[in-house]
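Start at 1 and go down the list; that is how both ligands and their atoms are numbered.
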Amino acid sequence: MANFIQGFRCTLCNKIYSEFEVTTTCPSCGEKGILEIEYDYNSMKKFVDKCYFKTNPDFSMWRYYQMIGVEKKHIPKMLKIGGTPLYKANHLHKSVGIKSLYIKDEGQNPSGSLKDRASGVAVLKAIEKGYKTISCSSTGNAASSLACHAARMGLKTVIFVPKRAPIGKINQLSIYGSNVIMVDGDYKETYELSKQAIDHYGFYNRNAAINPYLVEGKKTVALEIAEQLDFSPTDWVAVSVGDGCTIAGVYKGFYDLYMLGLIEKIPKLLGVQSSGCAPFVKAYETKKPLEEAEENSIADSISVGIPRNPYKAIRAVEKSFGSWVSVSDEDILKYMRKLGSKEGIFGEPAGVAALAGIRKAVTLGIISPIESVTMIMTGNGLKDPVNAEKATKPPILIQNDFKALEKYLSDKGEN
Ligand SMILES: *Cc1c(COP(=O)(O)O)cnc(C)c1O
Ligand SMILES: [Zn+2]
């Protein structure tokens with residue numbers, strides 16, 4: 001048996017399709033008819049139990065390949081994705097005001113972000129389906145991760161990024177040999193252009209919400225967190241939100257484990273956005289439908305004015321009894337310094353937003369100080385040196401002279 005997929009359900013009209021009837025969205029609802037992969041949990045249960053995890057020698061995300069519906073055949077040639085560390089904070093839990101804090105460091109993936117989990121699946125699916133070229137539009141990380149894994153597996157890429165994408169991510173695209181289209185516009189406009197190109201040229205579509213397999217890749221982060229905590233995940237899991245695919249994936253992973261009887265409850269999910277671009281938070285607070293927002297934040301990866309996966313993201317927070325908060329750019333910069341200086345982890349702004357969000361939620365009484373929380377640190381700080389520079393003071397230049405050094409250190413009170 002290849003996999004446990006039962007069908008592809010449209011999240012809008014509820015119609016169920018088979019694997020061979022659909023590639024992206026629901027044929028009758030169009031682009032908004034985002035599909036969800038449903039599994040036969042009764043069959044999966046017979047195969048995926050605690051023993052399955054204990055005896056599995058693969059410590060990458062591919063240890064779960066049967067749970068995400070990809071074939072095994074090409075996996076040995078892939079880079080190692082996932083299997084990232086989950087650290088218990090040594091110091092930082094005190095700064096955010098909670099008893100126990102865990103940090104899932106997704107910056108350690110091959111291209112430096114959680115997006116590798118989705119791009120890996122996209123590349124495998126493109127190969128399974130016989131495509132030669134794969135395309136997406138991205139604020140940066142989906143782009144660089146796709147370029148990375150496509151390069152490894154010999155697929156061509158056509159990748160659309162808005163001109164504001166951080167330099168580290170653009171350099172990754174060039175080094176991975178991608179065909180980069182840098183669009184003179186924001187992410188919304190970049191997305192529209194990519195859509196036209198994908199329709200016209202028939203590339204394989206890695207646009208996050210549209211491709212139902214990508215959430216399955218992203219859910220592996222939740223499967224890992226649960227396993228790393230011996231199937232007793234923390235009370236809360238905090239994750240930053242742009243399009244909403246990541247938080248939807250996190251929910252799906254915990255949901256699968258719950259349906260398999262491997263965890264007793266699904267953690268509450270805290271969706272964190274930047275106050276410069278917070279359409280989900282606004283819709284939650286005003287109890288109104290999601291409205292387009294401006295894209296105005298240093299956290300480029302979550303600066304998404306029109307989220308592409310609104311239904312799944314809102315449902316993830318709702319069903320988990322979670323909440324939404326927004327954080328300012330100043331708070332993000334402050335927590336970039338704290339995460340680096342107190343735990344030795346360098347995150348990009350969007351990755352650290354989740355941490356600032358935990359602090360905010362504690363302040364607002366949403367998270368209680370006695371609850372345990374996992375933050376998903378979604379992206380590596382080296383990707384965005386310009387914003388890292390904003391978070392700190394540059395070092396002082398001293399003369400190449402020991403006396404000058406002595407004076408500098410004694411002035412600083414270091415010696
Ligand atoms: C993409 C991304 C997110 C948010 O994921 P969405 O699916 O867009 O909600 C958060 N952090 C980083 C670093 C990302 O690259
Ligand atoms: Zn539909």
Side-chain angles (χ1 to χ4, degrees), residues 8-17 21-22 24-36 104-107 109 111-119 136-146 161 165-166 168-169 172 187 191 206-212 214-215 217-219 221 238-252 269 271-274 277-280 295 297-314 316-317 324 332 336 347-355 357 375-384 387:
F8 289 64
R9 184 190 292 273
C10 173
T11 53
L12 214 60
C13 73
N14 266 321
K15 206 183 271 171
I16 299 178
Y17 299 93
E21 290 174 289
V22 283
T24 53
T25 50
C26 171
S28 38
C29 296
E31 203 198 335
K32 289 221 157 73
I34 290 172
L35 299 172
E36 171 140 72
K104 180 71 171 161
D105 186 7
E106 288 293 295
N109 278 304
S111 81
S113 84
L114 185 146
K115 294 288 193 297
D116 283 334
R117 296 179 187 270
S119 292
C136 77
S137 73
S138 158
T139 56
N141 283 334
S144 54
S145 74
L146 181 61
V161 286
K169 300 179 188 183
Q172 284 183 294
Y187 176 51
Y191 185 91
R206 186 246 177 264
N207 276 338
I210 300 290
N211 185 326
L214 301 192
V215 161
K218 287 184 168 183
K219 85 181 178 190
V221 73
V239 60
S240 57
V241 179
D243 273 317
C245 304
T246 307
I247 198 163
V250 171
Y251 180 77
K252 185 79 181 288
L269 299 185
V272 183
Q273 296 208 280
S274 155
C277 186
F280 282 109
E295 298 176 355
S297 166
I298 58 161
D300 67 289
S301 308
I302 53 169
S303 225
V304 178
I306 303 181
R308 300 290 163 181
N309 214 344
Y311 172 76
K312 282 190 190 175
I314 290 168
V317 170
W324 291 94
I332 292 174
M336 277 173 71
E348 68 163 277
V352 180
L355 180 63
M375 77 158 286
I376 303 182
M377 212 302 288
T378 45
N380 195 305
L382 290 170
K383 285 170 170 280
D384 188 357
N387 279 313

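- Looking only at protein N/O/S atoms, the ones less than 2.8 Å from the Zn ion (ligand 2) make 4 in total.
- Nearest heavy-atom pair, Tyr187 versus Val304, reported as atom, atom and distance to 0.1 Å: CE2-CG1, 3.8 Å.
- By the 4.5 Å heavy-atom criterion applied to side chains, Pro279 and Gln273 are counted as neighbours.
- The salt bridge (Lys or Arg N to Asp or Glu O under 4.0 Å) test applied to Lys218 returns no partner, not counting sequence neighbours.
- Listed by chain and number, Lys115, Asn141, Lys218, Ser240, Val241, Gly242, Asp243, Gly244, Cys245, Thr246, Ser301, Ile302, Glu348, Ala350, Thr378, Gly379 each place a non-hydrogen atom less than 4.0 angstrom from ligand 1.
- What you find for Lys312 and Leu35 is that their closest heavy atoms are NZ-O, 2.9 Å.
- Of the N and O atoms on the side chains of Ser301 and Glu348, at least one donor lies less than 3.5 Å from an acceptor on the other residue.
- For Lys252, the salt bridge (Lys or Arg N to Asp or Glu O under 4.0 Å) partners are Glu216, not counting sequence neighbours.
- Residues Glu295 and Thr139 have side chains not in contact (no heavy-atom distance under 4.5 Å, counting atoms from C-beta outward).
- Taking each heavy atom of Ile302 and Ser274 in turn, the nearest pair found is CD1-N, 3.9 Å.
- Side-chain contact of Ser144 with Lys383: a donor-acceptor pair under 3.5 Å is present, judged by distance alone.
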